[in-house]
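First comes the structure, then the notes that go with it.
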Amino acid sequence: MSEEKSLNFIEEIIENDLKSGKYETLVTRFPPEPNGYLHIGHAKAICLNFGLTQKYGGYTNLRFDDTNPVTEKTEYVNSQQEDIKWLGFEWKNELYASDYFGQLHKFAVTLIEKGLAYVDHSTAEEIALQKGTPTESGVDNVYRNRSVEENLDLFNRMKNGEFEDGACTLRAKIDMASPNMLMRDPIIYRIKHTPHHRTGNEWCIYPMYDFAHGQSDSIEGITHSICTLEYVSHRELYDWFIEKLEIFPSKQYEFARLNLTYTVMSKRKLLQLVNEKHVAGWDDPRMPTISGLRRRGYTPESIREFCERIGIAKRENLIELSLLEFCIREDLNKKANRVMAVLDPIKLVITNYPEGKDEILVGENNPEAEDKGGMREIPFSRELWIEREDFMEEPAKKWFRLAPGAMVRLKFAYIVQCDSFEKDANGEIKTIYCTYIPESKSGSDTSGINVKGTIHWVSAAHAKTATVRQYDRLFTVESPDAEEGDFKDYLNPKSMEVIENVYIEPHLAKANLSDGYQFIRKGYFCLDKDSTADHLVFNRVVSLKDSWKG
RNA sequence: UGUCCGAUAGUAUAAGGGUAGUACAAGUGAUUUUGGUUCAUUUAGUCUUGGUUCGAAUCCAGGUCGGACAACCA
């Protein structure tokens, strides 16, 4: 069966290149800068680059783009590696742009020797001024026409640490009148007397992104160098260096980055949320970081599926958060064991059930799993906790749950009928009194009674307690970036609701950190790493879809 | 008064000169011991104006709108 699946524009390019024999083996790379944690937007790029070589053969390198020692840290290198592995991908080579500092330095010397680079003593302000604007061309400066020998000598002295930071730069000599600002003699080396996370104090000059990225691709024989749209105008420069240096012609292709509703995606803004403690850290479950999503309870499969579904194109896009939620529900629906937990309890007493009697009921763990996920035991007794919202003193129309005189099925157990209820001094419902129908036991129901509603419960005498953290969108508006004023003005004050003393069925005491659970009728939850043996903390991954419109 | 990129249902993404399709979202109904799942079904789209053509979302030209570009960041 040939299921014609349409190709995205990058796959088309690759298939053409492979078919024409331009390349035998596809080589891609994922090139993060180790200056922050990876987020769902990076996941899109990871799935793309690794996915392509899985599909067409070939391999993908992991290359850290570590050309700026001021912002880069080993902590980030480690977290980024962990996230990529967790997503389920394996890189062929672990590489660093800093591995190429020696080679890159030689490339710079080559350019100088060809008369295509010069040392400039202008200040940053002067350079900006001489550069012109997008609509006005720039002007040449006095250092532009130095001799090759002088440039060689000066560049050598830069390398040897004879100048302070900012005293001079090495610039490519291209065209100060180019309509592309990046071609107006871009800086390719700058002085930074800053130790590097890998090369230590070996260098005090560091290449700029444009002078490192393309050449690194070329050195590694990257055939398709895939990046986001903001690099479109860099492509001309990318090609220029490769051409002048006469090295392997890697080609750059750009796709539109991911934007997600109700969140921000720039590393700068995410860092700000962390530093200013609007969230608990890079892995706060509300963060769109991969570590945050992992802690929230998202699975690698769900994120990969999401990346598959959003597609790859060149137009700007804003993906609805509901698609991400759909992907995790779809995955957890198959995998998550069903359990019962009561988040906002009221007492239910079964007046005709013997006091002191216990019963062990069995329930299937997951009706959606092939073997139903096996069975588990659930203790039942005379007094139960049920959800406050499952009782209505004056029922709305089409109300299927508990109300005076109404009958409901207790999940995995019996049908009960509400006889009366009691309020406390504040007028809040305190206790509901029911009678149960002994013949209606789940699995052996001979009562012949049909009820519309089924509710969850936990036996009061057997319940354990836990803390539940219910998460919601981090921002109140779809596009915090696009809004007026500071994006932080739109933080959702209710993005985390902590509920203490949630009653959970005893089975959940054995909950596993890596498993997702469905709290029946409430949503998908997972154990948080803050849990201890006697204090469990659950994160809500996502609520269940709720088509009840009360 | 620049250069480059883009424009298809609410949101994404296909259709590569020949019936505008899919997914999510939204609505309706059926099934259901989760108001979940599943199934069925409805709503809803080619930025604009010309041109080429028997025929244009697709090719061409002009316009409009959106985005990117003036860091010793990546």
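Only a predicted model underlies this, so the values are computations on that prediction, with no experimental measurement involved.
- Both K411(A) and P207(A) sit near RNA chain B, but only K411(A) has its closest nucleotide nearer the 5' end.
- A donor-acceptor contact shorter than 3.5 Å links the side chain of Q80(A) to the backbone of E33(A).
- The interatomic distance linking E305(A) (CD) with C24(B) (C1') rounds to 11 Å, in whole Å.
- Phosphate proximity of U32(B) to T454(A): absent, as no side-chain N or O sits under 4.0 Å from OP1 or OP2.
- Along RNA chain B, the nucleotide nearest to N68(A) and the one nearest to K549(A) differ in position, and the one closer to the 5' end is contacted by K549(A).
- A donor-acceptor contact under 3.5 Å is formed by the side chain of R401(A) with the base of G35(B).
- The neighbour count for K267(A) NZ, taken as heavy atoms of other residues, nucleotides or ligands under 6.0 Å away, is above 12.
- For K334(A) and U37(B), the NZ to P distance is 14 Å, given to the nearest whole Å.
- Residue-level contact check: I319(A) touches the backbone only, with heavy atoms under 4.0 Å from sugar-phosphate atoms and none from bases.
- The base of U33(B) lies close enough to the side chain of R409(A) for a donor and an acceptor atom to sit less than 3.5 Å apart.
- With rounding to whole Å, R184(A) atom CZ is found 15 Å from C69(B) atom P.
- A donor-acceptor contact under 3.5 Å links the side chain of E320(A) to the base of G10(B).
- Atom NZ of K314(A) is separated from atom P of G66(B) by 21 Å (rounded to the nearest Å).
- Under 3.5 Å, the side chain of H234(A) and the base of A68(B) form no donor-acceptor pair of N or O atoms.
- Between L323(A) atom CG and A12(B) atom P the separation is 11 Å, expressed in whole Å.
- Note that R198(A) lies in the cation-pi zone of Y96(A), set by a 6.0 Å cut-off to the ring centre and a 45° limit from the axis.
- Side chain E368(A) to base G36(B): a donor-acceptor pair is found below 3.5 Å.
- Nucleotides G10(B) and U48(B), compared at atom C1', are 22 Å apart to the nearest Å.
- Using a 4.0 Å heavy-atom criterion, one finds that D546(A) contacts the sugar-phosphate atoms exclusively.
- Proximity of the aromatic rings of Y76(A) and F64(A) is defined here by a centroid distance below 6.0 angstrom, and this criterion is not met.
- In summary, E330(A) and R309(A) engage in a salt bridge, as defined by a charged side-chain N under 4.0 Å from a carboxylate O.
- Counting any heavy atom pair closer than 4.0 Å across all strands shown, F412(A) reaches a base atom.
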